[in-house]
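First comes the structure, then the notes that go with it.
From a predicted model like this one, the values you see are computed outputs, not experimental measurements. Order of the sequence lines fixes the chain letters, A, B, ..., with proteins taken first and strands second; residue numbering starts at 1 for each chain.
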Amino acid sequence: MKVNVLAFGIAKEIVGGSTVEVELTSDATVGELRAELEEQYPRLAKLASFMIAVNNEYAVADNALQQRDEIAIIPPVSGG
Amino acid sequence: MKVNVLAFGIAKEIVGGSTVEVELTSDATVGELRAELEEQYPRLAKLASFMIAVNNEYAVADNALQQRDEIAIIPPVSGG
Amino acid sequence: MIDIQISDKPLDISSCIDWVMSPDCGGIDVFIGTVRNATKGKEVTRLEFEAYRQMALNEMQKIAEQALEKWPVQKLLIHHRTGVLQVGEVPVIIAVAAAHRAAAFDACRYTIDTLKETVPIWKREVFEDGEVWVAAHP
Amino acid sequence: MIDIQISDKPLDISSCIDWVMSPDCGGIDVFIGTVRNATKGKEVTRLEFEAYRQMALNEMQKIAEQALEKWPVQKLLIHHRTGVLQVGEVPVIIAVAAAHRAAAFDACRYTIDTLKETVPIWKREVFEDGEVWVAAHP
């Protein structure tokens with residue numbers, strides 16, 4: 001399946017836009033998405049850390065992804 | 001010597017005014033003043049505590065008093 | 001009661017404090033973040049804040065609810081600014097009212113500390129000679 | 001920098017915050033005391049604050065200087081009200097600005113905690129059916 005991934009902050013610069021399309025297997029997990037993103041965009045792996053959010057919640061590697069999920073790359077936050 | 005002692009808060013009510021005159025020996029200490037005040041105004045001894053200030057500083061029992069010192073009874077504070 | 005807002009307009013400190021004040025509260029603690037003129041000795045020209053808006057609102061709501069569970073607090077407000085801010089402007093206001101001050105202090109500090117760890121908002125510092133996303137790199 | 005005031009006029013929260021704000025500070029913590037409508041479940045009609053004025057100013061100055069020694073804080077303000085206050089009015093404002101928020105929180109909390117222990121100011125709570133000097137008796 002193809003998923004659209006939102007990007008914010010430095011991740012937007014790394015992937016070259018505010019969304020990026022990623023091709024995944026139909027039963028892909030968050031962990032597989034992370035691996036795919038790191039392969040396509042090695043600079044993501046050099047960040048202090050990054051999280052994946054699914055439907056506005058922080059997700060862990062095991063979480064399964066659905067095509068219609070709202071998925072986002074969350075680089076290290078620095079609000080406040 | 002006679003010293004004038006300022007009274008604040010509940011101490012003002014206990015001594016019946018914002019100053020009270022106390023007769024002390026010429027080499028009296030803060031401790032002796034406290035004892036004299038407690039004898040004349042037993043309700044002072046029933047407070048949670050009270051301090052004596054001399055020239056705008058908290059004083060301890062050993063401190064000697066001079067007739068021209070500014071002396072005050074400081075009942076438990078409750079500002080803020 | 002909780003009030004959470006993200007806005008690209010200047011935050012209004014007085015109205016935040018007015019909102020938390022209430023006759024059953026004796027203590028209000030307010031944290032105000034301001035844009036500093038320098039980071040690690042380097043002059044800052046301006047800051048830019050970007051938010052993942054809906055998730056940031058959700059995460060701030062969670063923090064506020066946790067604070068209200070942990071401490072006896074009546075009112076808790078979080079307002080966060082986005083967009084371009086000049087030195088001296090206010091990116092964040094947290095205001096907490098409680099019957100007793102210890103709870104107000106604890107809840108306010110917990111809120112800003114946790115916000116800085118979990119809320120998806122990003123700050124870019126702009127200098128004379130470049131810019132950097134804060135905390136992005138180790 | 002330190003600003004200490006005792007006043008029998010209403011305190012101005014905004015001007016206190018304006019005074020501590022400065023471009024080299026990133027965090028401001030403000031404590032605002034307010035008059036609660038009840039103490040131990042009993043309705044409060046009003047409060048009356050009395051100060052031993054010069055000594056109170058001296059003691060507040062000492063606290064502020066101690067706070068500036070203990071923590072890296074740029075500006076610390078203490079304004080205390082005296083006289084008769086109604087429910088919701090503000091007896092005390094403490095505002096602290098520092099480069100980093102931890103120092104602002106620590107110094108603000110230290111200041112109000114110590115003020116309540118050492119500064120010669122007295123509060124009388126007035127109820128429908130009587131009045132009491134707070135903390136006077138065990």
Side chain, backbone, both or neither: which part of [X] has a heavy atom under 4.5 Å from chain C?
X        : answer
D/Ala102 : both
D/Asp18  : neither
D/Val87  : side chain
D/Val90  : side chain
D/Ala99  : both

Exceeds 12 heavy-atom contacts within 6.0 angstrom, atom CD of D/Glu43: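 It does not: D/Glu43 CD has 12 such atoms or fewer within range.
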
Expected output: side-chain C/Thr34 to main-chain D/Ile28 donor-acceptor under 3.5 Å: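 No; judged by distance alone, with no hydrogens or angles, the pair does not exist.
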
Basic-acidic side-chain contact under 4.0 Å: D/Asp29, C/Arg109: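 No, this pair does not count.
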
Atom pair CE (C/Met21) and CD (D/Glu89), whose distance is rounded to the nearest 0.5 Å: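 Spacing of CE (C/Met21) from CD (D/Glu89) equals 10.0 Å.
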
Selection from C/Asp113, C/Val96, C/Ile13, C/Ile94 maximising heavy-atom pairs under 4.5 Å formed with chain D: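 Maximum pair count with chain D is reached by C/Asp113.
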
Heavy-atom side-chain contact between C/Val30 and D/Phe31 under 4.5 Å: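 No, too far: nothing below the 4.5 Å cut-off.
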
Top contributor to chain C interface from D/Ile17, D/Val44, D/Ile32 [non-hydrogen pairs under 4.5 Å]: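 Winner by heavy-atom pair count: D/Ile32.
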
Chain D contact via C/Asp106 - side chain, backbone, both or neither, heavy atoms under 4.5 Å: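 Interface part for C/Asp106: both.
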
